[in-house]
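Data block below; observations after.
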Amino acid sequence: MKIESMREYITLCEYLSFTSAAKKLYTTQPSLSYRIAGIEKEIGVQLVDRGGSALTLTPAGKVFLGEAQKLVKDYDTALEKCRRASRKRDELVMERPVGFPKAAQQLDSLVSSFVRSGSNVGVRFTCSDGMLLRDVLLDGIADCGVVYAPCDFSDDPELAERVEIRQIQRGFDVELYAWIHDKHPLASKDPLRAEDLDGSLLAIQSDARYRIGWNCFESLFSQYGVTFDFHGKPAKDAIDFLWEVEDDEIVITDVGWRDMYSSSFEPFQNRSLRLIEGQNLSIDAFLVFLRDNANPALRAFLEFTDH
């Protein structure tokens with residue numbers, strides 16, 4: 001069981017309302033209910049009683065709440081101690097996203113060149129599954145993070161005044177995929193090509209961790225006369241966005257989003273991801289970091305990428 005699942009359960013117990021807890025967690029009521037049901041299935045007992053006018057905890061749910069609170073606290077304490085013990089002044093800790101294999105190879109090459117440049121700085125990668133990039137930076141888990149689309153932190157006052165974003169690499173071509181309902185007329189199209197999407201309604205996602213460049217998608221497909229319905233509410237988990245998609249909408253996504261959130265597609269047995277033949281998206285790599293981060297290793301890497 002993931003620690004984030006325990007955090008969500010604790011939040012639900014605090015509010016005793018799926019709607020209120022979902023709002024606190026920046027998710028939707030159906031997806032939170034789905035994940036809590038997954039916890040109950042995993043441990044084999046009912047934790048919450050949904051039958052009454054108000055949500056209540058079962059005896060097992062009360063016991064699990066106490067144990068979950070202790071486990072989360074111990075987990076956070078252990079992480080903090082480990083991070084303090086492992087950090088070095090000559091080490092750069094970099095959060096990297098899942099997916100984009102070609103871009104990842106280029107990033108590895110850039111980092112290797114930096115290490116070999118005589119900077120006497122080591123680089124350690126992290127991949128904090130399930131955590132928002134803002135939390136990774138603010139909690140000191142990593143000095144910086146790499147994203148493959150420009151981030152917009154304007155709606156996050158705590159981060160907006162401290163964050164800086166720099167482009168470090170240009171022009172990676174990534175494959176695009178269409179997430180299609182089985183009853184959609186294009187579901188049986190093989191191969192599926194960009195021109196086949198003529199007149200289709202596309203749903204573009206944007207979550208709190210990565211602001212996917214929907215303008216890029218629009219410029220790619222406008223030539224085919226497609227219309228767009230932009231689902232832009234911040235989401236903690238990609239599955240929240242997927243619940244909002246109508247049967248006649250096609251979600252256009254990239255290989256990075258597909259790999260990062262592959263498990264989020266599993267509850268939807270009536271949809272499938274299809275490669276769009278002959279249509280790629282060119283993306284850039286950006287480094288996100290806090291301006292007040294005084295780690296000399298970060299400053300050395302920034303100077304290296306400037307040249």
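Residues E303 and F114 fail the side-chain proximity criterion, which asks for heavy atoms closer than 4.5 Å. Two residues are said to be in side-chain contact when any heavy atoms from C-beta on lie closer than 4.5 Å; R35 and S31 meet this criterion. Counting heavy atoms from C-beta on, the side chains of V45 and T58 never come closer than 4.5 Å. Taking 4.5 Å as the limit, some side-chain heavy atom of R50 sits within range of a side-chain heavy atom of L55. The side-chain heavy atoms of T11 and L32, taken from C-beta on, include no pair separated by under 4.5 Å. D306 has its side chain within reach of R166: a pair of non-hydrogen atoms, C-beta onward, lies under 4.5 Å apart. The shortest side-chain heavy-atom distance between L287 and V146 falls under the 4.5 Å cut-off.
In this structure, L290 and R299 approach most closely via the heavy-atom pair O-NH2, 3.7 Å. Nearest approach of V121 to A297, heavy atoms of both residues: CG1-CB, 3.5 Å. Shown here for I250 and A178, the closest heavy-atom pair between the two residues is CG2-CB, 3.7 Å. Taking each heavy atom of Q269 and D182 in turn, the nearest pair found is O-OD2, 3.8 Å. Residues V48 and E40 come closest through the heavy atom pair N-OE2, 3.2 Å. Across F304 and S117, no two heavy atoms sit closer than the pair CE1-CB, 3.9 Å.
Once rounded to the nearest 0.5 Å, the distance linking CG of L186 with CG of D196 reads 6.5 Å. Between atom CG of residue D49 and atom CG of residue L57 there is a gap of 9.5 Å, rounded to the nearest 0.5 Å. One distance of note links CG of L65 with CG of L47; it measures 10.0 Å at 0.5 Å rounding. Between the OG1 atom of T27 and the CZ atom of F18 there is a distance of 11.5 Å, given to the nearest 0.5 Å. In this structure, CD in E14 is found 9.5 Å from CD in Q69, a value given to the nearest 0.5 Å. Interatomic distance, CG of L298 versus CZ of R291, reported as 12.5 Å (0.5 Å rounding).
In terms of modelled atom types and a separation under 3.5 Å, the side chain of Y15 and the main chain of A22 share no donor-acceptor contact. Side-chain atoms of E42 come within 3.5 Å of backbone atoms of M1 as a donor-acceptor pair (strictly under, hydrogens ignored). Here the side chain of D74 pairs no donor or acceptor atom with the backbone of L71 at under 3.5 angstrom.
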Inset, instruction - Walk me through it: do I3 and V72 pass the test side chain to side chain contact (heavy atoms under 4.5 Å, CB included)? - result: CA-CA 7 Å; I3 201 72; V72 168; 3.9 Å; yes
Legend entry - Verdict with reasoning, R274 to D190, per side chain to side chain contact (heavy atoms under 4.5 Å, CB included): CA-CA 9 Å; R274 299 280 306 283; D190 189 22; 4.1 Å; yes
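A donor and an acceptor atom, one from each side chain of H181 and N270, are located under 3.5 Å apart. Defined by atom type and a distance below 3.5 Å, a donor-acceptor pair is present between the side-chain atoms of N293 and D143.
When the shell of 6.0 Å around CD of Q167 is examined, it contains more than 12 heavy atoms from other residues, nucleotides or ligands. Annotation for N120: atom CG does not count as buried by contact number, only 12 or fewer foreign heavy atoms lying within 6.0 Å.
Under the 4.5 Å side-chain heavy-atom criterion for grouping Ile, Leu, Val, Met, Phe, Trp and Tyr, V111 is connected to L92 within one hydrophobic cluster. V63 and I36 fall into different hydrophobic clusters, where Ile, Leu, Val, Met, Phe, Trp and Tyr are joined by side-chain heavy atoms under 4.5 Å apart, directly or via other members.
With sequence neighbours left out, D108 forms a salt bridge (charged side-chain N to carboxylate O under 4.0 Å, His left out) with R96.
Partner of I141 under the side-chain contact (heavy atoms from CB on, under 4.5 Å) criterion, chosen from L138, D139, L137: D139. Of the candidates N295, V115, L110, L110 is the only one forming a side-chain contact (heavy atoms from CB on, under 4.5 Å) with F301.
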